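Remarks on the structure that follows.
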Amino acid sequence: MAGTAASMANLALTQVGYKEGANNYNKYAEQTPGLQVDWAIYGPWCQSFISWLAWKTGNRDVIPTTASCSVCTDYYKERGAFSRTPRVGSLAMFGSDGGTHVELVIAVYNGGADIEVVGGNTKDYPAPNGDGVYRKRYNNWASTTRIHGFGHPAYSGAGVINDRGGSSGKYKIKAGQTLSGIAAVLGVTLASLLAANPQISDPDDVHEDQEISVPAKPAEKPKPSTDDNDKPTPTVPDTGSATGTYTVRSGDSLSAIARAHGMSLSRLLALNPVVHDPDVIAAGHVLKVTGSPRPAPSTGGTEGSKTPAPKPRPTPEPSKRPDWTDRFDRIDRELREVKDELGRIKEQMKDKPQPPKPEPEPTKPVEPPVPVKPTKPEPPVPVSPEVSRPTDIPVVPQQVIPTPEVKSAA
């Protein structure tokens, strides 16, 4: 049966201040049954945050379990539960078709013209995509945002929103103080302190004499009375399906414990219903588990192994700053595993016979060109005079004819 709209808003407010890890790592996809796959755990997680809220508050029958904003938008359009009118508990779908981003509406003002939201994988207005869970207010949202419309889950009722962003006073920051230190002094969580001060976009960027709002302290739970002075060991009610127990040690996380025992996180949570917040477990708690702990995977690898054994991913706590040292150590371990795997592949390639390389053809020595001898001009042939030669024509003797004497007239 569906829960109330207020249950979604109240839980969302407790998450304000959570920051993602390296490569978009987020706890919401990892903890939500149906989304525990790498592409969701290390991908954009605004819709995974909404699915996590629905799972935690019993609203999975009115909010689809998905990491896709497009699937969520289509879900409400197909049911006739999508409009441009915001309500408390509505899902604000961003983008031209509602498939870009999603945020939860926690308050409506001025007849619906202004809204207040909490969203994951976002940051301060106006950019929708970012690095954590933020609380924001959109004045005149129809003109200042790219909200396509609102999906309206069929909640069982409205309920009362416990605004953890409310203030019970003011506090002036002193020199050298940090927000986490101030939260400890005031007896509140860092997440509630950030929720009470949405103007602080970077928890590390605060200065002396800056005035901040102080959130109201949560009511203290009554301490159970005991008959002796010994501190009782917390136990888990028997669910009838566990096969063993595990005592939480310092530094443990639920996701790591689940992987070590070969079970899913959702299964571990189902066996231990007293765990209300997967991020808050104390050393000494006894958890019910199935099976026995698996041996630690060897990093040396064996012949025929194809991929290095996966290492448990650390789950960052929402109320603390990310431990970059642990994350860099994890990245360094993964890089070493990849390097070892490449070394094994290289060794395997050495064992395989390599095809013989063709021998190069011998090159013939290049003969030097034969020098061309210069040609001398031949001397001209001497021209000899022609010599008369006798002919065969017979010689006729010349006949002398006497000339008659002519006498002149006297």
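For clarity, every value in this text was computed on a predicted model and none was experimentally measured.
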For [X], all residues meeting side chain to side chain donor-acceptor pair (under 3.5 Å), sequence neighbours excluded:
{"X": "Thr66", "result": "none"}
{"X": "Asp114", "result": "Asn110"}
{"X": "Thr32", "result": "none"}
{"X": "Gln177", "result": "Tyr171"}

Between [X] and [Y] (side chain of the first, backbone of the second, donor and acceptor by atom type, cut-off under 3.5 Å), is there such a pair?
{"X": "Asn10", "Y": "Leu13", "result": "no"}
{"X": "Glu211", "Y": "Lys172", "result": "no"}
{"X": "Trp141", "Y": "Gly112", "result": "yes"}

With the side chain counted from C-beta on, respond yes when Tyr134 and Val118 share a heavy-atom pair under 4.5 Å apart, and no when they do not.
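A side-chain contact is absent here, since even the closest heavy-atom pair is not under 4.5 Å.
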With side chains defined as the heavy atoms from C-beta onward, is the minimum distance between Glu341 and Ile345 less than 4.5 Å?
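In short, these two side chains touch, coming nearer than 4.5 Å.
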Report the C-alpha distance between Thr122 and Lys136 in whole Å, list the side-chain angles of each, state the deciding distance to 0.1 Å, and finish with yes or no for side chain to side chain donor-acceptor pair (under 3.5 Å).
CA-CA 10 Å; Thr122 186; Lys136 297 176 285 185; 2.7 Å; yes
Can you check side chain to side chain donor-acceptor pair (under 3.5 Å) on Asp252 and Tyr246, steps first, answer last?
CA-CA 11 Å; Asp252 279 345; Tyr246 176 81; 2.7 Å; yes
What do the steps show when you test Glu20 against Tyr25 for side chain to side chain donor-acceptor pair (under 3.5 Å), and what is the final call?
CA-CA 6 Å; Glu20 67 182 25; Tyr25 167 80; over 6 Å; no
What residue pairs, at least two apart or across chains, pass side-chain hydrogen bond (donor to acceptor under 3.5 Å, both in side chains) with a residue in residues 68-81?
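Non-adjacent pairs meeting side-chain hydrogen bond (donor to acceptor under 3.5 Å, both in side chains): Lys77-His148.
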Within a 6.0 Å radius of atom CG on Asn23, are there more than 12 heavy atoms belonging to other residues, nucleotides or ligands?
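No, not enclosed.
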Who are the salt bridge (Lys or Arg N to Asp or Glu O under 4.0 Å) partners of Arg87, not counting sequence neighbours?
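Listed in chain order: nothing, the list is empty.
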Report yes or no: is the cationic atom of Lys27 (NZ for Lys, CZ for Arg) closer than 6.0 Å to the six-membered ring centre of Trp52, at no more than 45° off its axis?
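Satisfied, under 6.0 Å and within 45°.
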Can you name the side chain to side chain contact (heavy atoms under 4.5 Å, CB included) partners of Ala67, sequence neighbours left out?
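Per chain and number, Ala67 pairs via side chain to side chain contact (heavy atoms under 4.5 Å, CB included) with Leu35, Trp39, Ala40, Ser48.
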Ala9: what forms a side chain to side chain contact (heavy atoms under 4.5 Å, CB included) with it, not counting sequence neighbours?
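Only Ile106, Ile161 meet the side chain to side chain contact (heavy atoms under 4.5 Å, CB included) criterion with Ala9.
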